[in-house]
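Every heavy atom of this structure was used, including side-chain atoms; hydrogens, water molecules and symmetry mates were not.
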Amino acid sequence: MKILKKTIFLSVLILCIIPISKVQASEKKEGIENFPSSYRGYLEEIQKRHPNWKFTALYTNLDWNYTISQENQFGKNLVPKNYGDAWKNTTPGQYNVEVDKGWVDCSRSAVEYSMDPRNFLNEARIFQFETLSYDASTNNLNSVDKILYGTEFYNRKVSYIQENGNTINMNETYAELILKGGQTSKVSPYHLASRIKQEVGPFLSHSSISGTVEGFRGLYNFYNIGATSSTEPMGAIKNGLRYARDGKGASEATKSKYLIPWNTKEKAITGGGIFIGSSYINVGQNTIYLQKFDVNDDRNGTLFTHQYMTNVLAPSSEGKIIYNGYKNSGLLETSMSFTIPVYNNMPEIPVQSPNINPNDFLEDYTKAYCNGNNVNIRTGPSTSYEIITTINRDAKMTRIAKGISNGERWDKVILENGIVGFIYSTYVSELPNIQIQKIELKLDNTTLQKGETKKLQVTISPAEASDHKVIYKSSNTNVATIDDSRKY
């Protein structure tokens, strides 16, 4: 009994030590063929439409569960307070506690869903994995302005308020300042334009860039750098403007590097771009995903700490903004590069969105096929979800969850190429049970010596019927017996 207790103790100790010991550095492998099989179907589907896009697997060599545990710390990942409880941390004492005004700590399942790259391997969301360095061959003024379309920055000359209240009108447009900022900072101006839209929205009146916040007149922060959470009214915005004023106590060298104080919009756009480039993009966090989730060790620093934003869905939403900008600019056919993380011991099936109610489905591993043409496979059970791929009649699949909700029903399926998604139930037909037509038994010879063993090899035809269970029996156990437990 004492020995048993020691054994259990040692086993627990080992389990506690192994996950936090990072043995190997991350490594990159270019090409779809170098991704795990659960990634390839999605990437192959994207490459059919965009042959000029390149995909690199970033093997973090981090254990999945350990990574999620490190990210699932109170206050590290937030969601809007008006989200459903499936998205929120419901721990007593932490539930609906505002970490920042209107934002609360998210659930572990929300972290898992947001960190699983396979959930975002479609044309619209993959841009959270786009590499973000400046490229003179693709970055141009017209495209920057197109990204700004639909906002007050679009095709508009810059004006700003000084600390003394004077208004300065510039001859340059916002797109021109953003392009210049990208050239100086070596950061893609498309990324800068998209980030501005994400951080301050479509209106010039946003408090971070209005120049009119009491106590911070004439200061601007287009990227909300340093806008850490605070319970003070407008706390995050004021913290960002404090950074714009003096770098929150930064050295003179640092302030000079980032062009602080950001008391003109040009300095705020360019200096913030330099900050993003030197602090993130040029030190291994060169995708939106890696800036949110610090899982790449290129910085040779502490992981899970150097994170740019707290919104757990920021990479997904920013990726969609970038996609729309590229689409509107006609840039989707240009050469682009994506770096996509891979973790050890990931779930076999991508983590499901907290938006999807598991009670609307029953687990079901039925072989099925598509009974229609041009049928969409989507990321969720509604036409409001994005399309992953389109399949045609007789395409085979396995229905892994059957929809049981009232009204419009969807099934969750896995296609033969590994893509997991949702299909309208009407287009799913179960494969009929294929009857066995022939059984062939192969035995090297029909004479065995006493004590001799032979392996029976059985071939079932047609192949579609091979999932039937085969039971072996001896007609005379005094002569020969069957041993199902033997391993060959």
Side-chain angles (χ1 to χ4, degrees), residues 28-60 112-133 135 138-139 143 147 188 190-191 193-195 197-198 280-281 285-293 295-296 308-309 311-343 346 350-353 376-380 384-390 415 417-422:
K28 295 178 180 178
K29 298 180 181 180
E30 187 175 324
I32 293 176
E33 68 278 7
N34 288 313
F35 281 84
S37 58
S38 62
Y39 284 67
R40 290 179 208 148
Y42 302 94
L43 297 176
E44 288 167 354
E45 187 64 29
I46 294 173
Q47 188 140 70
K48 288 178 185 177
R49 298 192 294 274
H50 304 287
N52 291 326
W53 292 7
K54 299 178 182 178
F55 308 98
T56 297
L58 173 64
Y59 281 85
T60 63
E112 291 176 319
Y113 166 75
S114 302
M115 290 197 71
D116 191 334
R118 298 168 298 181
N119 286 319
F120 309 101
L121 298 183
N122 60 64
E123 185 181 67
R125 302 292 176 175
I126 196 171
F127 282 89
Q128 65 182 281
F129 307 113
E130 181 200 8
T131 52
L132 300 175
S133 302
D135 185 348
T138 60
N139 298 154
S143 297
I147 291 174
S188 165
Y190 302 163
H191 172 58
S194 299
R195 175 152 287 186
K197 289 173 65 175
Q198 171 70 20
Y280 293 90
I281 292 173
Q285 291 177 276
N286 62 341
T287 70
I288 296 173
Y289 180 98
L290 292 174
Q291 290 173 26
K292 172 66 188 91
F293 303 114
V295 295
N296 185 23
Y308 179 79
M309 45 200 129
N311 178 0
V312 74
L313 286 172
S316 175
S317 58
E318 287 194 29
K320 182 65 178 290
I321 291 171
I322 292 174
Y323 164 75
N324 287 333
Y326 279 135
K327 185 178 180 181
N328 294 335
S329 306
L331 297 173
L332 291 178
E333 301 313 313
T334 60
S335 179
M336 297 184 186
S337 179
F338 302 87
T339 301
I340 305 167
V342 178
Y343 301 93
M346 295 181 73
V351 179
Q352 186 164 282
S353 168
N376 293 324
I377 303 297
R378 296 182 178 271
T379 57
S384 64
Y385 286 89
E386 289 153 354
I387 297 171
I388 305 172
T389 186
T390 300
L415 306 183
N417 63 0
I419 288 178
V420 176
F422 291 82

Listed partners of Glu130 passing salt bridge (Lys or Arg N to Asp or Glu O under 4.0 Å), at least two apart = none
Go through the structure and list residues passing side chain to side chain donor-acceptor pair (under 3.5 Å) with Ser37, not counting sequence neighbours.
-> none
Separation between OG of Ser38 and CD1 of Ile419, rounded to the nearest 0.5 Å = 11.5 Å
Compute the centroid of each ring, for Tyr308 and then for Tyr280, and state whether the two points are separated by less than 6.0 Å.
-> yes
Heavy atoms only: give me the nearest Ser194-Ile147 pair and the separation to one decimal.
-> OG-CG2, 3.7 Å
Any residue meeting ring-ring contact (aromatic ring centres under 6.0 Å, His included) with Tyr323, in chain and number order, not counting sequence neighbours = none
By salt bridge (Lys or Arg N to Asp or Glu O under 4.0 Å) - contacts of Arg125 (at least two apart) = Glu386
Judged by atom type as modelled, is there a donor-acceptor pair below 3.5 Å linking the side chain of Ser316 to the main-chain atoms of Leu313?
-> no
Under the salt bridge (Lys or Arg N to Asp or Glu O under 4.0 Å) test, residues paired with Glu44 that sit two or more places apart | none
Rounded to the nearest 0.5 angstrom, the OG1-NZ distance for Thr389 and Lys48 is 6.0 Å
Listed by chain and number, what are the side chain to side chain donor-acceptor pair (under 3.5 Å) partners of Glu112, not counting sequence neighbours?
-> none
For Tyr59, all residues meeting ring-ring contact (aromatic ring centres under 6.0 Å, His included), sequence neighbours excluded = none
Heavy-atom pair of closest approach, residues Asn52 and Glu333 = ND2-O, 2.9 Å
Taking the side chain as every heavy atom from C-beta outward, state whether Glu123 and His50 have any atom pair closer than 4.5 Å.
-> yes
Closest heavy-atom pair and its distance - Ile288, Leu132 | N-CD1, 3.7 Å
Any Glu318 side-chain heavy atom under 4.5 Å of Gln291 side chain = no
Could you tell me which non-hydrogen atom of Thr379 sits nearest to which non-hydrogen atom of Ile388, and how far apart they are?
-> CG2-CG1, 3.6 Å
How many angstroms lie between atom CG of Leu58 and atom CG of Asn286, to the nearest 0.5 angstrom?
-> 9.0 Å
How would you list, by chain and number, every residue that makes a ring-ring contact (aromatic ring centres under 6.0 Å, His included) with Phe127, sequence neighbours excluded?
-> Trp53, Tyr326, Phe338
How far does CD1 of Ile340 sit from CZ of Phe35, to the nearest 0.5 angstrom?
-> 4.0 Å
Asp135: what forms a side chain to side chain donor-acceptor pair (under 3.5 Å) with it, not counting sequence neighbours?
-> Ser137
Can you list the residues that meet the side chain to side chain donor-acceptor pair (under 3.5 Å) rule with Asn376, with sequence neighbours excluded?
-> Thr390
Could you tell me whether a side-chain N or O of Glu30 sits under 3.5 Å from a main-chain N or O of Thr56, the two making a donor and an acceptor?
-> no
Does Tyr42 reach the main-chain N or O of Asn119 with its side chain, forming a donor-acceptor pair under 3.5 Å?
-> no
Nearest heavy-atom contact between Ile126 and Leu43 is CD1-CD2, 4.2 Å
Got a sec, which residues hit ring-ring contact (aromatic ring centres under 6.0 Å, His included) with Tyr289, two or more places apart in sequence or on another chain?
-> Phe129, Phe293
Measuring from Lys292:NZ to Asn311:CG, what's the distance to the nearest 0.5 Å?
-> 8.0 Å
Mind checking what makes salt bridge (Lys or Arg N to Asp or Glu O under 4.0 Å) contact with Arg378, not counting sequence neighbours?
-> none
On a heavy-atom basis, the closest approach of Pro350 and Arg118 is CA-NH2, 3.7 Å
Per the side chain to side chain contact (heavy atoms under 4.5 Å, CB included) rule, which among Lys320, Gln128, Met115 passes with Pro315?
-> Gln128
Drop me the distance from Thr131's OG1 to His191's NE2, to the nearest 0.5 angstrom.
-> 11.0 Å
Tyr190 vs Asn139, side-chain contact (heavy atoms from CB on, under 4.5 Å): CA-CA, chis, key distance, verdict = CA-CA 7 Å; Tyr190 302 163; Asn139 298 154; 3.3 Å; yes
Check: Lys29 main-chain N/O paired with Asn34 side-chain donor or acceptor under 3.5 Å | no
